[in-house]
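Working notes, beginning with the structure itself.
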Amino acid sequence: MTSEADTAHVHEHHWEWSWAPLLVVAGTFFLVPIAFAFYFAYENVTLSAIFAGIGTVMLLAGVSMWVNEGLTQTPLLAGVANIGLPIFILSEIFIFLSLFSSYWMMRLSIDSWPPEGTPEIDKILPIIMTFILVGSSVTAHIAEEKLEHSDLSGFNKWWIITIVLGTAFLGCTLWEWDHLIQMDFIPETNAFSSAFYTITGFHASHVLVGIGAFIAVLIPALGGRTNKTFVTCVSVYWHFVDVVWFFVASQIYFW
Amino acid sequence: MSTQTTTAGHAATPAWKEWILTTDHKRIGVLYLIGSMAAFAVAGLMALIIRAEQMELGMQFVESGTEYNGYLYFHGAAMILAFLIPGLTGFAANYFLPLMIGARDVAFPRINAFSVWLFYFAIILALLSFVIPDAPDIMWTGYPPYSITTSANTSFYVFTVHMLGFSSILGAVNFLVTVIYMRAPGMGWNQLNIFVWTTIAAFVLQLIFIPVLAAAVTLLLFDKYLGTHFYDPSAGGDVLLYQNLFWFYSHPAVYVIFLPAVGILFDIIATMSKNRVFNYKAAVYAGIWGIVGISGIVWVHHLYISGMPDWIRLGHMVTTLLISIPVGILTLSLWGTLYKGAISYNTAMMYAASCLYLILLGGLTGIPLAIPSMTLHLSETSYVHAHFHFIMALFSAFALFGGIYYWFPKMTGRFADGPMATLSFWLNFIGVNVTFWPLFIIGKEGMPRRYWDYEMFKDAQVLGYSFEDFHKVATLGALLIALGMILQFINFIWAAKNGKPAPANPWNSKSLEWTHTASPPGPGNFGDIDVEVDENWSPYEYNNK
Amino acid sequence: MKKLLSAMMGLTGTMMLSGQAVAQDIRNPAAEWEELWDIVIFDITIIGVIMAIAAVFFLIRYRANSPDQVGSARKLTTVQSISFALIPAAIFMADDFYLAAKGWTVWNAYRNVPEDAMEVKVTAYQWYFEFEYPDGTLVEADMETPIKIPVGQPVVFRMTSEDVIHSFGLPHYRVKEDIMPGRQTYVWINPIETQNTAILQCAEFCGEAHSQMANLIHAVPQEEYDAWIAEVAAEG
Ligand code: HEA
Ligand code: HEA
Ligand code: CUA
Ligand SMILES: [Cu+2]
């Protein structure tokens with residue numbers, strides 16, 4: 001196994017730099033820790049909202065700059081992002097495993113399950129959601145195929161369908177949460193509600209990030225610019241989110 | 001094919017942008033170095049306050065127990081998470097790993113910049129502790145239920161861990177891909193520097209175990225602020241769950257620190273004794289990867305007094321003791337590298353030599369702790385503090401400082417050695433012994449940790465002296481270290497501008513970062529050379545016997 | 001190799017015994033701890049001294065005579081490399097098993113509570129301990145008002161917490177164990193002689209007054225204990 005870099009006779013004579021990483025980090029910093037702390041620890045909703053606003057703007061600016069640079073600059077070594085992503089996914093798997101094992105620990109050491117205060121949770125919806133998500137994985141794959149055959153408009157079409165399906169999935173989660181909260185099943189209720197909201201919420205946050213990534217690919221693609229590695233990465237990530245859902249559904253709803 | 005479509009703006013970039021916004025691995029490395037040293041200085045200052053407070057019975061320096069706890073929290077968390085891990089896997093790995101494997105940069109330079117910024121913002125978040133009301137006071141371990149019921153702002157602890165953790169995970173992705181795909185043509189796995197091996201081993205640990213810590217602290221956040229019940233036994237949760245998840249990460253984390261430090265040590269010692277690494281393959285495959293292999297199944301040794309089932313405690317006693325095998329094989333390789341060497345002495349080598357003592361003292365004092373029946377008494381005493389200050393705080397920090405002296409000519413084109421460096425080395429070395437030996441002695445007699453006062457021991461005598469006497473000696477030692485460190489920092493800053501100029505390869509090393517680059521290396525590292533090595537090349541091949 | 005074998009035999013032996021530890025002969029964990037400490041310290045000191053001497057010797061003996069001298073160590077052959085890994089590994093492992101077996105025996109002394117032990121219930125709060133004696137008497141203590149236990153009588157403390165995690169640390173008896181909400185843990189001690197300096201201290205970080213959470217435990221003759229408990233009970 002040798003480096004492919006030597007094929008490119010690289011003699012860079014200037015220092016590389018970019019605003020994008022700093023902006024993304026700063027945006028996240030204001031959007032998550034600072035806004036959270038003001039809301040929950042210091043109970044100042046106004047400041048929390050202000051910081052969340054600043055953070056969102058910085059985050060969006062950073063991401064769009066990043067995408068733009070990703071599309072215009074050739075990396076030192078092309079096509080390794082789809083090696084890096086699976087490595088990253090490995091660590092995601094361990095997060096989900098830790099959450100699941102916390103849930104198992106609680107569940108297996110309790111006398112009767114579900115604990116008191118748990119309403120009947122509808123089992124039809126998760127099945128519908130499974131179909132939606134699996135469908136979106138398929139459409140993402142079709143979009144990739146289209147791109148493979150240089151059919152950019154076909155790609156855009158299927159990519160948009162995927163986004164719609166992803167959003168529908170997220171809508172289902174939100175609807176379900178709303179429904180359950182009205183039945184007084186909130187994170188505080190009991191051990192099951194803790195695990196329920198944490199795990200479905202953590203999964204939903206991945207769906208959200210996935211949709212964000214889809215949009216980040218879509219916007220330049222509508223203008224005719226795209227990058228195969230980027231597309232592959234996003235869809236691999238999406239398949240991963242899809243696979244995790246099987247575990248979420250089977251452990252939370254059908255066990 | 002050009003790697004870079006040069007945009008017009010690049011031509012006249014101001015220098016500050018090329019530094020602050022850099023995506024170059026060397027400059028990112030320097031940013032890591034500055035950040036981690038700043039964290040060390042602040043956390044070191046906290047250590048001095050701690051020592052000042054413990055010097056005498058009663059309350060002298062702090063105004064309340066909570067204030068002391070806040071300082072101790074910052075000291076522990078910042079030293080581990082913001083000084084050593086970023087110093088070793090951020091600075092040293094970033095700057096030197098690509099050079100050592102003949103790569104022009106890492107695989108994902110922008111993600112690399114992203115990591116360093118996460119690190120900086122995490123430090124900012126941690127430093128905010130000093131200005132916000134209700135600063136975290138939960139110790140670096142953050143055990144619930146205390147961390148949930150306290151009025152302090154646990155969320156900053158959680159987010160600091162999240163940001164540093166995410167930064168490390170991305171670093172892991174970056175460096176693993178870099179080492180797999182960007183080695184110079186011809187460079188086989190058995191030709192890597194030991195430092196490269198230890199770094200990727202450390203990153204493998206980070207990749208697998210950080211998520212577990214991230215989950216643990218996230219659940220803490222939810223329990224405290226959203227009212228979930230993961231750690232709340234009255235509603236079906238489990239108090240020990242957090243400790244298990246936490247140590248499942250944090251034991252391997254000590255090897256994330258230990259391994260790169262050992263790697264630096266190997267490189268210094270091999271270079272300074274102009275000798276090949278003794279039993280390279282055993283060191284790599286049995287030593288380094290042996291540690292990685294065992295590290296995930298020993299965490300209960302931090303829970304020996306936590307009421308875990310007896311059989312788990314005994315099982316983990318055996319696995320913990322077995323760690324001495326891979327570590328022992330590594331130490332044999334270190335010792336063997338000196339054997340029949342041609343050792344020349346300079347500041348880097350002095351640090352390396354002192355590390356041999358520290359690894360023995362710190363590692364072997366871990367053995368009594370590994371035996372649960374011993375730990376029932378030793379746990380949560382200052383004996384534990386002495387153990388881990390020697391192996392972690394001192395061994396790894398000394399290896400890092402040795403590395404800085406070793407690579408200083410590469411980074412600045414100048415030597416940092418000189419009378420000032422020698423003096424600060426001896427102050428540090430004597431200081432750490434004076435500080436932490438007394439903690440062993442009173443720890444064995446029961447001096448508890450995390451105590452800002454020890455009134456109940458006012459009559460206790462060890463060897464005819466009171467606990468207070470020992471604490472006084474320890475404080476004196478801390479002052480010596482402080483003096484040594486301040487001199488050291490002054491020396492670094494001075495030498496970077498005025499030190500004796502150094503040639504590109506002042507130590508006559510065989511390793512690529514010395515043989516193929518200028519000091520300091522320019523953009524793209526190797527200028528117009530395309531690095532290539534043949535199968536007989538090795539970073540440690542000084543003779544061909 | 002012989003050492004390795006005997007260590008492993010020792011280990012399996014203890015493993016089999018540990019389940020059915022002998023309840024009749026009452027052991028004294030604190031004394032056994034002290035013996036084990038000596039053994040372990042002796043063991044690691046030997047290793048440390050040998051390694052340290054070797055290091056110092058190498059560091060002095062192999063100094064370079066001239067700046068361009070290089071080291072003269074040879075490449076190891078495959079057999080040599082493997083032997084240099086396996087033989088030390090076997091020796092280290094033998095030592096590990098030896099220490100594990102020793103540690104295990106003492107562990108049994110710590111964990112097997114004698115049948116006739118007096119049972120005291122402990123509840124920990126931020127920041128004090130509350131004791132419930134067998135007759136139901138509740139005692140709260142601090143550094144000025146010690147609690148008492150009868151000498152020559154094993155005592156087992158069954159512990160739980162009402163708020164956060166604390167720890168029941170008794171350096172004099174070389175033992176400690178955490179006290180947690182929602183769980184019960186135990187510690188037993190064997191006070192073989194009268195003394196009035198043993199300190200009970202909280203050893204798990206529990207907040208602001210963690211370092212003030214302590215009291216004395218006096219081991220006193222039976223009569224004195226009886227008188228004391230009667231007095232406390234009367235005070236109610
Ligand atoms: C870099 C960091 C680092 C390293 C490398 C180690 C290495 C080891 N540590 Fe340490 N440890 C810490 C950092 C570290 N530790 C920290 C931070 C804590 C406290 C955390 C907290 O509570 O805040 C801690 C606490 C800690 C505990 C828990 C104590 C308690 O809280 O109750 C234990 C118990 O087993 C332990 C054991 C060991 C062992 C057996 C090793 C082994 O890896 C050591 C192996 C090395 C040798 C043995 C020496 C060299 C080998 C030879 C010469 C071969 C021959 C030797 C033999 C055959 C014995 N450590
Ligand atoms: C990497 C880890 C690391 C390092 C390097 C250190 C370094 C030191 N530590 Fe720390 N320590 C920990 C990790 C570390 N520690 C941890 C994890 C804990 C446990 C926390 C817990 O219980 O939760 C702990 C706890 C701890 C305690 C226990 C407190 C208690 O139980 O109540 C004590 C007490 O003596 C102590 C002392 C010291 C001292 C004197 C140093 C000295 O070596 C420090 C010397 C450094 C300086 C004095 C800085 C000097 C430098 C400058 C001033 C720079 C000037 C700057 C410029 C010119 C830029 N430490
Ligand atoms: Cu109770 Cu510490
Ligand atoms: Cu450990």
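Lettering follows sequence order; numbering is per chain, from 1. Excluded from the calculations below are hydrogen atoms, water molecules and symmetry mates; all remaining heavy atoms, backbone and side chain alike, are included.
Proximity to chain B (any heavy atom under 4.5 Å) is shown, for A:Glu116, by neither the backbone nor the side chain. With a 4.5 Å cut-off on non-hydrogen atoms, A:Ile34 touches chain B through its side chain but not through its backbone. Contact annotation for A:Ser193: neither backbone nor side-chain heavy atoms come within less than 4.5 Å of a heavy atom of chain B. Residue contact with chain A, scored on non-hydrogen atoms closer than 4.5 Å, is absent for B:Ile210. At a 4.5 Å heavy-atom cutoff, A:Pro115 makes no contact with chain B through either its backbone or its side chain. Proximity to chain B involves both the backbone and the side chain of A:Leu22, based on heavy atoms less than 4.5 angstrom apart. In this structure, the portion of B:Ala235 lying under 4.5 Å from any heavy atom of chain A is its backbone and not its side chain. Heavy atoms closer than 4.5 Å to chain B are found in both the backbone and the side chain of A:Phe88.
The closest side-chain heavy-atom distance from B:Asp24 to A:Trp17 is not below 4.5 Å.
Contact record, A:Met106 with B:Gly237: SD-CA, 3.9 Å, taken as the closest heavy-atom pair. Scanning all heavy atoms of the two residues, the minimum distance from A:Ser91 to B:Leu207 falls at CB-O, 3.0 Å. Closest heavy-atom contact between B:Gly236 and A:Ile110: CA-CD1, 4.0 Å. The two residues A:Ser102 and B:Phe230 have their closest heavy-atom pair at CB-CD2, 4.5 Å. The two residues A:Trp15 and B:Gly522 come nearest to each other via the heavy atoms CH2-C, 3.8 Å. Scanning both residues, A:Met105 and B:Leu241, for their nearest heavy atoms gives CE-CD1, 3.7 Å.
In this structure, A:Phe247 places its CZ atom where only 12 or fewer heavy-atom neighbours from other residues, nucleotides or ligands lie under 6.0 Å away.
Top candidate by heavy-atom pairs under 4.5 Å with chain A, chosen from B:His229, B:Lys26, B:Arg110, is B:Arg110. Contact count versus chain B (heavy atoms, under 4.5 Å) is highest, among A:Ala20, A:Ser109, A:Ala26, for A:Ala26. Chain A forms the most heavy-atom pairs under 4.5 Å with one residue out of B:Leu176, B:Leu245, B:Leu125, and that residue is B:Leu125. For the set B:Lys17, B:Met163, B:Arg27, the count of heavy-atom pairs under 4.5 angstrom toward chain A peaks at B:Arg27. When the candidates A:Val24, A:Thr28, A:Leu97, A:Ile93 are compared by the number of heavy-atom contacts under 4.5 Å with chain B, A:Val24 comes out ahead. By number of non-hydrogen pairs under 4.5 angstrom with chain A, the leading residue of B:Tyr120, B:Phe166, B:Phe156, B:Phe121 is B:Phe121. Counting heavy-atom pairs under 4.5 Å between each of B:Val158, B:Ile208, B:Thr218, B:Val177 and chain A puts B:Ile208 at the top. Between chain B and the options A:Arg107, A:Glu92, A:Glu69, heavy-atom pairs under 4.5 Å are most frequent for A:Glu69.
Aromatic ring centroids of B:Phe222 and A:Tyr197 lie 6.0 Å or more apart. Between A:Trp66 and B:Phe114, the ring center distance clears the sub-6.0 Å criterion.
A side-chain donor from one of B:Asn153 and A:Tyr42 sits under 3.5 Å from a side-chain acceptor of the other.
Using cut-offs of 30° and 60° on the angle between ring planes, the pair A:Phe40 and B:Tyr225 is tilted.
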